[in-house]
Structures are given as C-alpha cells and as structure tokens.
Amino acid sequence: MASKSASAGGFAPVLSALTTMQSNVAGKEKTEAHEFLEKFQKSSEAWNTTHAILQDSSVPVEARLFAATTLKGKIIYDLHQLPAEALTPLRDSLLSLLQLYLAGPRPIRTQLCICLASLAIQLTSWKDVLSTVGTAVGNSSDGGDCLLDFLRILPEEVTEGRKINLSEEELADRTKELLEDNSAQVLNLLVSYAQSSTQAAHNPRLYSCIASWLREIPTIDVVNSPLLNEIIDAINDNDSFDSAVDCLCTMFRDTRDVDESLSVIKILYPRIIQLRPMIQQSAATEDNDLMKGVTRIFAEAGEAWVVLIARMPTEFRDLVECVLECCMRDKDREAISVTFVFWYELKQCLTIEKYISARASLADLYSKLVDVMIKHLEFPTPEDGDEKDLFDGDREQEDKFRGFRHNMGDVLKDCCEVIGVTQCLGKAFALIQTWGQQYGSQVSGASVPHWQELEAPLFSLRAMGRMVSPEEETVLPNVIPLLTTVPDHEKLKFQAIMALARYTEWTSQHPETLEAQLNYVISGFNHTSVEVVQAAALAFRFLGTDCQKLLGDHIPQLHHFYESVIDKLKPSSQEEVTEGVAAVVAVQPVNKIYETLKMFCDPVMSRVVSLAQQAKDENGEKTVADYLGLMTIFFDWVQPYVSPNEPNPAVKYCQEILPALSGIAKHFTRSIPILERVCKCWRVMVISYRTATAPLLPALASSIAEGFEASRQGCFLWATDAVIREFSYGAEFVDEATSDNVFRFFAQQATVFFKILTELQPVELPDVIEDFFRLSSDAVRFYPNKSITSNLSLPMVQASLTALTLQSMEPIQAALHFLRDFLDFGFEKPPISNFNGPDGEPTPGTPPEVREAVKQVLNSTGQQLVHRVLTGMMFSFPEDCFPDASGVLLSLFNLAPETAAQWVQGTLQLLPTGTLKPAEANKLMKGISDKLQQNEPRKVRVLLQDFTNSYRRRNVAPREGLGRLEATRFRFSG
C-alpha cells in the first residue's frame, strides 16, 4: 500500500508529534501536537503513512502501535476515501503486515487482526476470508496464535458492525457469509488445533476463540465435540484457567433458555459438579484467584439455570450447595460478591407461588446462608491490636469493605423473603444474646471485647429492617429493648442507632418502646464520634416522621432539644433533625399551627438575620444558606388542611418573614448559595400552600422580579415557575385577573432574560438558560394561547437556538424540551391542552390562531432550527440529548414534511468540505423523500439518527490511539 517515497521523512512530523505528546513540554505544544495527530488520523495521507511506519522496524514500538490503531480507524470509518480498486491491494498489504508482526508485539498484531476483520466485513467480494488468512499466517506456533486471535476478533467485529457504513441488509448478508457459513469449518479447525499438542490444548487463546464463536456455533455442537474435555481439563492449568472459565461461563449464558438447552445442560451439569473439590483446594491453598474463578463457574451456572433449580430442586441441589460452599470458604471475601446475583435470581424464582415446594426444599441452605453472611459482615481484627485503624491505613480496602457489607445486606433481604423475616431476625438476635452471655460482663465503658462479633449481627438487623413488617411480634419486642442497652463503643453505638432508625415504623405501633429509644438516640448527640452524631440525627429524623403523632404532645421538650443541638451539627444533620421536628409540628391542630411554627422558626430566622449581618466571606454566606434551608424544611412539612375560604396559618407566618427574605435577596445579589435557598424557600411556600399564597403574590412577584434583574441568577426563574404552575388559567380557586397578572409576571421575567442574553455570552449563562427554558415550557403548556400568540414566542424560539450552541447537556435538554412543547401546539390535537372555549369548558383541540402562530415562527426560524438541531447531533450534543433532538425533527416533519426536507438539504450543503460525499447526501435525501411519500415521517427520524451517528463517528468523534481525547468541535456559520 505504501510507496517507498513515504520514508522517514514522510512520517517524521507524525513521529515528532508523538514524541511531543509523550514528553514534558509545555501544554500549548502538547495541544498543538494533539490537534495535528487528530487531523492526521482522519486525513487521506494517513493510509500510506501508517503503512510506512509499520514497515519500518527502527520506529519506536509506541509509534507503530499508534499507526496500527490509526489504520484500524481508517478501515472502519474512512474506507470511502479509497477507490474500489484499491481495496484488494489494501487487503494484501494488511496480510503482509500481519506476517511481519506474527511474533509480536502482540498489541500491534491484535490491531492488524481487527483491521483485517473490519475490511473483511466491507470487502464483500472477498469470499475465502478464513483460508486466505490461514495461509498467510502459516503453521508455526506464532501463526497459530495469530490465526486464533483473528478468529476470536472476527465475530466480535461483525457484532460491532453498526460502526461500519453498511446498510442493515448488507451487514446481515455479510454476517451470514463470514460467520454462519463458516461455523462448521471453524469448529473442525478448533478441534484439530486442540488435539494437535498439549501446548495447543493449554493455549488460553483457544478458549477465548471458542467463547467468541459461541455466537454462531451451537453450544450443543461444542459439548458433543472433544472440545468439552479440553475446556474442563484447561480449568486445571494455570495458564489457561481464566480463559477456560470465561469460555464455560459463556456456554452457561448461552443456555439460559433452559427448555431449548436441556440436552446441553444434561451434559454440562455433571461435569461442572465434578469440579466441586476445587473449592476446598482453593481455600486450603489460599489461592484467591482460583477461588474467584471456581466461584464464577458455579454462580454463573446457577444464574443461567435458576429456573431448573426452582423446578427440580432435588436434582439441582448440588449446584446450590456448591455456591454456598464457595461463600462459606471464601475467608478473604474476595469471591463472594460473584454469588450475589445468583442468590437474588434464585430468590426471585423461589418466591413465586408455583415454586413453593422448591422454597421449602432449599430453605435449609438459605438458613445456612444467613449464618455465612452475618459472619462475613464482621470487621477485621487488627493484628497489632490498634482498634483505631482496622485496615492498616488502606482506605481503598476500607471503602471496598463498607460497600461490600451493604451488598451482603441485600443478600440477607433475599433470605428474608425465602425463609421468612422471623427466622432471619432470630439468628441475629441469638448471636447478640450469645455475645452478651460470653462477653457482656467484661464490658468496661467503651472497652468492649470481641466487639466485631456483636457489631455484625447489629448491622444485619439494620440491613433486614426494610423487610420487617410493623406488625412483627415475635422477635422485635425482644430485640428493640436490647438495642437501647448496647455499649458505648463507637462502632456498636453507631450500628445500634442506625438499626433503631430502620424500625421506626414498628415503633409507631409500639409506643411503649418509644421513650427508651428516643433517650438512647438523643444520647448519641453527645458522643465524641462524628459518625455516631450523624447516625443520631438520621434516627431522630425517622422517629419524628414515623412517630409524629406519638410525639405531638411533646412540643416544649422537642423545642428545648432542638435549640440545644441545632448549632452543633453539620448541615446535613441539621436538616435531618429539622425534618424530624417539622413532622411533629405538622400534626398540631390547625389552631396551634401558627404559634408552633413561630416557636420553632423564629429562632432559626433570627440566626439567619444575625448571620447575614456578619457574613463577610463564602463560608459565612454558606452558613446563612444552611439555616435558610432549615426554614424551607418547615414549609415543606407543615401543610395544614384549611378550607379555601379560610386564611392558612402557615401562610400567615410566611407573610411575616417575607420582608426579611426579600431583604436578604437584595443584599446578597452575588451569593449563589443564599439566593438559591431564598428562592427555594419561596418556591416551596407556593407549592405547599398553593392558591392560599395569593395574598403573598404581589410582594413575592415583586421580590422575585427585582432579584432576577439584580442578580441574573436562574434560581429566580425557578421560583417564578412555581407561581406559573399554581396560578395558571383554569386552576381551581384562581380568578382570571390573578392569572392575567401572573402571565404578565412571566412576560416581565422573559423580557429581562432576553436583555441579559444580548449582553452576555451564552457560555456564561448555562444555568440561567436551563431555568428559563424549563419556565418557558411551563408557560407554553399552562398559558398556550397567551404565550404562543404573543410577541414573546419568536424571541423564545430564537433564544432556544442560541442555547443549542452550548456544550453542556442541561441547558440543551431544556431548550429541546421547550421546542418540543412549542411545536406540539402546531398540531390540531396537542398532547397537553389548556384551552378553554367561550363557556369556560376545555376545548378539544388547538385553536387555529395558535397553530398559525407556530407556523409563522417556523417560517422565520425553521431553516436555522433544523441547522442547529441537526448539526448539534452531528457535532456537539451530548448523547443523552439525541432522543429529544430527533423528536424536534420528527415534529417538524409531521408539521411541514416537504419544507423540513428542504431545510435538511440546506444544512447538508453547509457541512465542511470533504466530510460528506455527494452520493451519501443524495442517499439520505432520497430516503427522506421515499419515507415522506410513504407517509412514514417516524422513519425519517430513524434515517436522520443513523446518518448523524455515522457522520459523527467518522468526522467528529476522537479516534483511538491518543488516549482519552476531547471530541473535536467543528464550528461553521449558519
């Protein structure tokens, strides 16, 4: 492929750029080198240059690997750059390169195999792919390894064929030719290779290849061939162990349809069970890798055949026992996580009524599983006796253990569903009792012997709490009082308090236990451990929310407690305690709501005002914001039911503090945390008390509008949105004059937003843009007639086009949602209708003047709209925005099919030169035309999605070979 002229001088710039990328030069030089190499990877010159680099053994290995990776990208994405007659010579040159790298380096050889496989998919005239590659690589050991690599890669690349620019029909035909038609030949080839020598039989590449071809070769053919013996034997060889395990697990996954695969399972099952002695072997030798692999075999077999276990528990009991034994013998807890999915899947089957007999048959194994899991929950015992550092300073290991415990807690929940909550709780209770009998008398203050053996069952009680009914009467009446006597050891007290937090619903039905629990939890606020204090705050929250009626008569005591602890807590704990208190305030009689709310909130508001006067820096402002958040929690919880004709006592209190909140918003126009909390407080007031906040509206709207204009922060638009939703036309208990005023409020906010957008760059306003379009979506949905027929509609759509130039997902998504909502009202029957007829009743469709207004906006913005959406999908939109973007295009094609097609054509003509062949553009436009003639606009959406995905992969997305690259952003006028 490469000519001699492409010598070192020809690729010297590439080598120089690669050297720069790997050196410690300045960032600017690296950026320039990066951009040069990205451009090179997509250029036509890269075909010859990569070949030249690969043919030069004096070039550093890293540079040759880069060349091979680049060549792979060229074949997958850029084959259109070559004339048809060059493809066969390209194949021959790839085979020559493969011969050159038969002995390695392996990464380069692998890339070349991918190159050949990708070319084979696209070069449909190449019929004898396997024999051609086999002949080229020869019969040496290196050639055998190379052929196995190619055979493994071929099915993987065909499966990934959507990256390649072939139609579905072409890809399906080529898949049949390359895989289905060659499956028998490949099976015979693999059998012959496996039997050729002991070395071949233990080659891990053989089993990776078998696993890859199980996509095409029926598993029954493999198990009925000599390969099954080879796979089982390979399990006992260190070199081939991992690959053989992978291969077996692939076979299990292929037999998930147990009814179709019964003949295969009957052959595999006894062979798998014969591997059981390896569990004990791995435990005896403390070989964690062996334990992980063996556990995978049994667990994944169990996952695949779980339905058969439920149907025939006696016949398949051995398999469940094997998985349980793996859990039991995994002393280092390295492999047990592999079994979690199996236990969940089996539980799902055993809890179905028709498998109740299987549940009874396997109940003893689940009972043992509870014992195993609780034992594994124990913290390690430090060898040096240092209780303060149980993991010898290994924070990663500690975090892993903590996450692992919660997963084991999920397994305990599964056990609860299979053998019942009472039995599982009883096991934990028995362990707690046993510990007390053995070590209880040895406790001295916070010094607790063998505390790990007590902490683990406490954790299990907490983990199983979600499964326990508030009506449980067998174990919990004994357990809950016991929890309030757990010693003051940091980890024990933490776990006991967290366990109590899990059972507060039960406590609400057993009031006699509340006082002891409440005292124990409150004592946790005085503990020296931060974790215990945080646990106490969380537990208090649940006691308050679940036992609010039981605590309703304890307002003075709660107020004293609240005032004594609130200033000592971290913000998250402040919120939890406040939520517990607010829940109790919420159940006060309506005639006491105002005074109780005032009792708790006035001191908090005083703190806010005082702290606001002292705040001089970010930390001070954050403290003000934290206390403002506590006020919001009260308004979120305290929602008394009051007749629409009576004043709401909570609103009365809101009216008192509104001036103070407005003053804080005016003073801190640059403090985002404070402004966001003030706006959240206002928003929650409106959402909680709904139309009862009408007396607040004039002052509230004025404060929100002034705040937005002064601060230019989107949170004020977020607060505006709540007003729009609650006081729209047709809302209950809202008169037309109020709704008119609210729409004028929106129009005022929109006008300020448009002004801001002309003064600042969109990239400076992502949050404001997001909040504005979420507000605009609601304005269009709740005030469709007023907003769409007003002089706001065109500026809103134009602003949305500006938003689509951003890179961050949230503002783009909000703008796309707005556009979809706006376009919906161009149809006769929109998904959401807030239109009322002359009699005040909802009308069945969109009024003509609204549909016409939508079309008028499209007349002036349609081309630009299609351009922004289509090029966004091709160049810059985050992937999560694609469904909404293509939804906008679908609406346009439904509203104006022929015009939308012209807009698409106009966009294609503006694409950068050389990135789109005329034939490809013509193919897309013909496809669109055909689908429109067939009255299938939805299929146009699919065409455009496939086109933009393909274009983006070829021209925009970073190619492999340069590490983690930022996607190139193309900008062009439109």
Side-chain angles (χ1 to χ4, degrees), residues 327-328 331 333 336 366-391 398 401-402 404-406 408-409 411-413 415-416 419-465 467-468 472 474-503 506 513 516-517 519-521 523-524 527 529 531-532 535-536 539:
C327 295
M328 182 176 63
K331 300 299 183 186
R333 296 177 286 212
I336 192 172
Y366 268 90
S367 179
K368 292 176 183 176
L369 179 62
V370 174
D371 299 329
V372 170
M373 289 294 159
I374 294 179
K375 185 63 181 174
H376 278 312
L377 286 172
E378 290 182 13
F379 272 95
T381 302
E383 294 180 6
D384 59 2
D386 183 4
E387 293 286 347
K388 294 183 179 179
D389 194 352
L390 303 173
F391 295 88
E398 183 175 358
F401 176 71
R402 290 178 186 275
F404 166 74
R405 295 180 101 204
H406 288 287
M408 285 198 295
V411 177
L412 287 172
K413 294 186 188 76
C415 295
C416 288
I419 61 175
V421 163
T422 299
Q423 186 176 342
C424 294
L425 288 178
K427 284 177 173 289
F429 178 51
L431 288 169
I432 294 171
Q433 282 185 311
T434 301
W435 182 91
Q437 292 163 3
Q438 292 179 340
Y439 308 114
S441 60
Q442 301 174 31
V443 174
S444 175
S447 175
V448 182
H450 301 281
W451 61 266
Q452 290 93 334
E453 295 176 27
L454 174 58
E455 195 271 352
L458 289 175
F459 181 94
S460 73
L461 285 173
R462 169 188 165 195
M464 293 184 285
M467 310 303 300
V468 183
E472 207 284 329
T474 305
V475 182
L476 287 185
N478 296 315
V479 167
I480 297 299
L482 200 57
L483 291 179
T484 61
T485 65
V486 168
D488 204 33
H489 183 280
E490 175 185 348
K491 283 190 164 44
L492 295 178
K493 184 136 191 168
F494 172 83
Q495 216 54 260
I497 290 175
M498 291 296 283
L500 290 174
R502 276 292 191 189
Y503 294 96
W506 183 89
T513 69
Q517 291 185 62
N519 290 336
Y520 188 77
V521 168
S523 73
H527 204 280
S529 165
E531 284 195 343
V532 173

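Just so you know, these numbers use all the heavy atoms, side chains as well, and skip hydrogens, waters and symmetry mates.
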Task: Heavy-atom check, side chain of Thr422 versus side chain of Glu472, under 4.5 Å - done: yes
Open item on the list: With rounding to the nearest 0.5 angstrom, report the OH to CG distance, Tyr366 to Asp371.
Closed with: 14.5 Å
Task: N/O donor-acceptor pair under 3.5 Å between Trp435 side chain and His450 backbone - done: yes
- [ ] State which residue, out of Glu490, Lys491, Met498, Gln495, fulfils the side chain to side chain contact (heavy atoms under 4.5 Å, CB included) condition with Val532.
- [x] Glu490
Task: Heavy-atom check, side chain of Ser460 versus side chain of Met373, under 4.5 Å - done: no
Open item on the list: Atom NZ of residue position Lys368 - does it have more than 12 heavy atoms of other residues, nucleotides or ligands inside 6.0 Å?
Closed with: no
Open item on the list: Using modelled atom types and a 3.5 Å cut-off, is there a donor and acceptor pairing between side-chain atoms of His489 and backbone atoms of Val443?
Closed with: no
TODO: Hey, could you give me the CE/SG distance between Met464 and Cys415, rounded to the nearest 0.5 Å?
DONE: 9.0 Å
- [ ] Please report the C-alpha distance between Leu483 and Tyr520 in whole Å, then the side-chain angles of each, then the deciding distance to 0.1 Å, and finally whether the side-chain contact (heavy atoms from CB on, under 4.5 Å) criterion is met.
- [x] CA-CA 9 Å; Leu483 291 179; Tyr520 188 77; over 6 Å; no
TODO: If a pair satisfies salt bridge (charged side-chain N to carboxylate O under 4.0 Å, His left out) and one of its residues is in residues 492-501, list it, with sequence neighbours excluded.
DONE: Asp488-Lys493
Task: Exam field: side chain Trp451 to backbone Leu492, donor-acceptor pair closer than 3.5 Å - done: no
Task: Audit row: Arg333, Phe401, side-chain contact (heavy atoms from CB on, under 4.5 Å) steps and yes/no - done: CA-CA 9 Å; Arg333 296 177 286 212; Phe401 176 71; 3.5 Å; yes
Task: Whether Gln452 side chain and Pro380 backbone form a donor-acceptor pair below 3.5 Å - done: yes
TODO: Measure the spacing between CG of Leu369 and SG of Cys424 and express it to the nearest 0.5 Å.
DONE: 9.0 Å
Task: Close side-chain approach of Leu454 and Pro487, heavy atoms under 4.5 Å - done: yes
Open item on the list: Nearest 0.5 angstrom please: Gln433 CD to Gln437 CD, how far?
Closed with: 6.5 Å
Task: Distance in Å, Asn519 CG paired with Thr484 OG1, rounded so as to fall on 0.5 Å steps - done: 9.0 Å
TODO: Report the C-alpha distance between Ile432 and Leu482 in whole Å, list the side-chain angles of each, state the deciding distance to 0.1 Å, and finish with yes or no for side-chain contact (heavy atoms from CB on, under 4.5 Å).
DONE: CA-CA 9 Å; Ile432 294 171; Leu482 200 57; 3.5 Å; yes
Task: Lys331 NZ to Ile336 CD1 distance, which is reported to the nearest 0.5 Å - done: 10.5 Å
- [ ] Identify the heavy atoms of Ala539 and Ile497 that sit nearest to each other, and give their distance.
- [x] CB-CG2, 3.6 Å
Open item on the list: Is any side-chain heavy atom of Thr513 closer than 4.5 Å to one of Leu476?
Closed with: no
- [ ] May I ask you to test the Val468-Val475 pair for a side-chain heavy-atom distance under 4.5 Å?
- [x] no
Task: Min side-chain heavy-atom separation Leu461-Arg502 under 4.5 Å - done: no
Open item on the list: Under 6.0 Å from the ring centre and within 45 degrees of the ring axis: does the NZ or CZ of Arg405 meet both conditions for the six-membered ring of Phe459?
Closed with: yes
- [ ] Return the minimal non-hydrogen interatomic distance between Arg462 and Ala499, and the atom names on each side.
- [x] CB-CA, 3.9 Å
TODO: Provide the closest heavy-atom pair for Pro477 versus Trp506 in the form atom of the first, atom of the second, distance.
DONE: N-CZ2, 3.8 Å
Task: Contact check, side chains of Gln517 and Tyr503, non-hydrogen atoms, under 4.5 Å - done: no
TODO: Work out which heavy atom in Ala463 is nearest to a heavy atom in Gly409; give both atom names and the distance.
DONE: CB-CA, 3.7 Å
- [ ] Would you indicate whether the side-chain heavy atoms of Ile419 and Val370 approach each other to under 4.5 Å?
- [x] yes
